[in-house]
Asker: 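Following this message is one structure expressed as structure tokens.
It should be emphasised that the depicted structure is a prediction, and the values quoted were computed from it without experimental measurement. Remember, it's 1-based here, ligands and their atoms both numbered in the order they're listed.
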Amino acid sequence: MGFRRMGWHELLWIGRVLVLMLLVHGVIGWGKEGHYAVCKIAEGYLTEDALATVKELLPDSAKGELASVCSWPDDIKWYYNWHWSSSLHYVDTPDFKCNYKYWRDCHDLAGHKNSCVTGAIFNYTRQLFSAYQDYKPKLKYNLTEALMFLAHFMGDVHQPLHVGFTGDLGGNTITVHWYRRKTNLHHVWDTMIIDSALKTFYGSDLAIMIQAIQRNITDAWSNDIPSWEYCGHHHTVCPNLYASESVRLACKFAYRNATPGSTLEDDYFLSRLPIVEKRLAQGGIRLAAVLNRIFTSEVKIARA
Ligand SMILES: *[C@@H]1O[C@H](CO)[C@@H](O)[C@H](O)[C@H]1NC(C)=O
Ligand SMILES: *[C@@H]1O[C@H](CO)[C@@H](O)[C@H](O)[C@H]1NC(C)=O
Ligand SMILES: *[C@@H]1O[C@H](CO)[C@@H](O)[C@H](O)[C@H]1NC(C)=O
């Protein structure tokens, strides 16, 4: 097919796919391990009501395990009819400002409103909340998809470079060496820090890494958990808060000492790993908190 016969829409789409393929590791969010960890941690903090509803909504392929489908939005976004969802994985902020504002940073894209990770968290929370808590829910959404999107984006918004700078696409255009491997800063935070931690400290076993994080949740961080869960009075979810934290961490830890061309080794790895592990924990605890609020039966009983 010649280009003349294609509409601007197709050309635009091909252009975007090419850019995305170049950045293939970039816009993905925590790698599979990171998303699995966030959702596994969340599973342990679901109430009985929430767990039962989550299991009803999960596709059969999940075999009742939320964590097993938490990377689904990364798997589908390459398909033409899901392409609109690829900008929901992140929100970019102005270069070097180190702050985030919803009205400033979350944009409408190609006819889709609020196409950014915080917009998506509001969106899918609203869909599920309406279905489970409204007296007359509007049943127009696929709630299985809403759950899988929400679980995934709650992870992404906690990855500091998913709320990074516009100019470097959240670290995607910052080429660095991770030990001897050439990669980019975004990928270091999605995947490499976790991979190196698995190999160095956890016998390449993700379950052991998750247990170590869980131990901290019940131990070193236990006093902080209520403040992680808290969202302001009567709010179901507060992604703007999570995004603000992320961009601050991006400035303080991710971008610092990671200029283009630098080599990142033990100093960087060992000082950033605790940040990554804490963000996985916060993502998990907060995902459980929002699902518990959405799927509680108390409101319904109170309203009935
Ligand atoms: C909200 O969800 C619907 C259904 O998946 C989708 O069409 C829309 O683009 C979403 N918007 C955002 C901001 O997530
Ligand atoms: C809801 O979405 C899931 C995942 O995309 C799909 O497998 C399922 O068929 C959808 N359900 C309906 C009723 O469309
Ligand atoms: C556990 O918490 C301590 C103290 O905050 C921290 O140094 C350590 O890296 C954490 N370990 C994990 C696995 O989260």
Asker: Does this structure show an ion pair linking Asp134 with Arg126, if we count only N-O contacts that are shorter than 4.0 Å?
Answerer: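 A salt bridge is absent here (no side-chain N lies under 4.0 Å from a carboxylate O).
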
Asker: Quick one: does Phe149 get within less than 4.0 Å of ligand 1, heavy atoms only?
Answerer: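 In this structure, Phe149 fails to qualify as a contact of ligand 1 - no heavy atom is under 4.0 Å.
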
Asker: Nearest non-hydrogen atom to atom 13 (C) of ligand 3 belongs to which of Arg215, Glu277, Gln211?
Answerer: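 The residue whose heavy atom sits nearest atom 13 (C) of ligand 3 is Glu277.
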
Asker: Quick one: nearest non-hydrogen protein atom to atom 2 (O) of ligand 3, plus distance?
Answerer: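 The closest heavy atom on the protein side is Asn216 ND2, 2.3 Å.
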
Asker: Would you please test His35 and His152 for ring-ring contact (aromatic ring centres under 6.0 Å, His included) and show each step?
Answerer: CA-CA 7 Å; His35 280 291; His152 184 86; 3.7 Å; yes

Asker: If every non-hydrogen atom of Leu198 is compared with every non-hydrogen atom of Leu206, which pair is closest and at what distance?
Answerer: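 For Leu198 versus Leu206, the nearest heavy atoms are CD2-CA, 3.6 Å.
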
Asker: Examine the proximity of ligand 2 to Trp72 and report which part, side chain or backbone, both or neither, has a heavy atom under 4.0 Å away.
Answerer: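 Side chain only.
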
Asker: Checking a contact table here: which protein heavy atom is nearest atom 11 (N) of ligand 2, and how many Å away?
Answerer: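 It is Asn142 ND2, 3.0 Å.
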
Asker: With nothing but distance in play, are any N or O atoms of Asn114 less than 3.5 Å from an N or O of ligand 1?
Answerer: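 It does not: no N or O of Asn114 is found under 3.5 Å from an N or O of ligand 1.
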
Asker: Pairing donors with acceptors under 3.5 angstrom, does anything connect the side chains of Asp156 and Tyr90?
Answerer: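 No pair is found: no donor N or O on one side chain lies under 3.5 Å from an acceptor on the other.
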
Asker: Taking Arg286 for the side chain and Met154 for the main chain, is one N or O donor matched with an acceptor at less than 3.5 Å?
Answerer: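 Not at all, since once roles are kept as given, no pair shorter than 3.5 Å links the two residues.
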
Asker: Looking only at non-hydrogen atoms, find the nearest pair between Arg279 and Gln282 and report the distance.
Answerer: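 Between these two residues, the closest heavy atoms are NH1-OE1, 2.6 Å.
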
Asker: Quick check: closest heavy atoms across Val163 and Ala250, and the distance to 0.1 Å?
Answerer: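 Residues Val163 and Ala250, closest heavy atoms: O-CB, 4.5 Å.
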
Asker: Taking the six-membered ring for Trp, are Tyr255 and Phe165 parallel (under 30°), tilted (30 to 60°) or perpendicular (over 60°)?
Answerer: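 The arrangement is parallel - the two ring planes meet at less than 30°.
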
Asker: Return the residue, atom name and 0.1 Å-rounded distance of the protein heavy atom closest to atom 5 (O) of ligand 1.
Answerer: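 Checked against all protein heavy atoms, atom 5 (O) of ligand 1 sits closest to Tyr124 OH, 2.8 Å.
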
Asker: Just by modelled atom types, is the Asn81 backbone N or O under 3.5 Å from a matching donor or acceptor in the Trp84 side chain?
Answerer: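 It does hold such a pair.
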
Asker: Select the closest option to atom 4 (C) of ligand 3 among Pro274, Ala281, Ala220, judged by heavy-atom distance.
Answerer: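 The option holding the nearest heavy atom is Ala220.
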
Asker: Heavy-atom distances under 4.0 Å decide this one: backbone, side chain, both or neither, for Tyr202 against ligand 3?
Answerer: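 Looking at Tyr202 and ligand 3, just side chain atoms fall under 4.0 Å.
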
Asker: Which residue owns the protein heavy atom closest to atom 1 (C) of ligand 1, what's the atom, and how far is it?
Answerer: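 Looking only at protein heavy atoms, the one closest to atom 1 (C) of ligand 1 is Asn123 ND2, 1.5 Å.
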
Asker: Looking only at protein heavy atoms, identify the closest one to atom 9 (O) of ligand 1 and say how far it is in Å.
Answerer: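 Protein heavy atom with the smallest distance to atom 9 (O) of ligand 1: His112 ND1, 3.2 Å.
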
Asker: Would you say atom 7 (O) of ligand 3 touches the protein, meaning some protein heavy atom is under 4.0 Å from it?
Answerer: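 No, there is no protein heavy atom closer to it than 4.0 Å.
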
Asker: Under 3.5 Å between some N or O of ligand 1 and some N or O of Tyr141?
Answerer: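 Among all N and O atoms of Tyr141, none is under 3.5 Å from an N or O of ligand 1.
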
Asker: For a quick check under 3.5 Å, do Tyr100 and Thr118 share a side-chain donor-acceptor pair by atom type?
Answerer: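 The criterion, which ignores hydrogens and geometry beyond distance, is satisfied for Thr118 and Tyr100.
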
Asker: In ligand 3, which numbered atoms sit nearer than 4.0 Å to a non-hydrogen atom of Ala212?
Answerer: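 Close to Ala212: 13 (C).
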
Asker: Just do the salt bridge (Lys or Arg N to Asp or Glu O under 4.0 Å) check on Arg248 and Glu245 with the steps written out, would you?
Answerer: CA-CA 5 Å; Arg248 278 200 299 273; Glu245 292 169 351; 5.7 Å; no

Asker: Based purely on interatomic distance, does Thr144 place a nitrogen or oxygen under 3.5 Å from a nitrogen or oxygen of ligand 2?
Answerer: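 No, there is no polar N/O contact under 3.5 Å.
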
Asker: Evaluate Glu145 for polar contact with ligand 2, using N/O atom pairs at a separation under 3.5 Å.
Answerer: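 N/O-N/O distance under 3.5 Å: yes.
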
Asker: So if I count the atoms of ligand 1 from 1 in the order they appear, which ones are less than 4.0 Å from some heavy atom of Ala120?
Answerer: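 Checking each atom against Ala120, I get 14 (O).
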
Asker: Below the 3.5 angstrom mark, is there an N/O of Trp84, backbone or side chain, next to an N/O of ligand 1?
Answerer: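 Checking ligand 1 against Trp84, no N or O pair falls under 3.5 Å apart.
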
Asker: With atoms numbered from 1 as shown, which atoms in ligand 1 lie under 4.0 angstrom from a non-hydrogen atom of Lys113?
Answerer: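 So the answer, numbered in order with elements, is 13 (C).
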
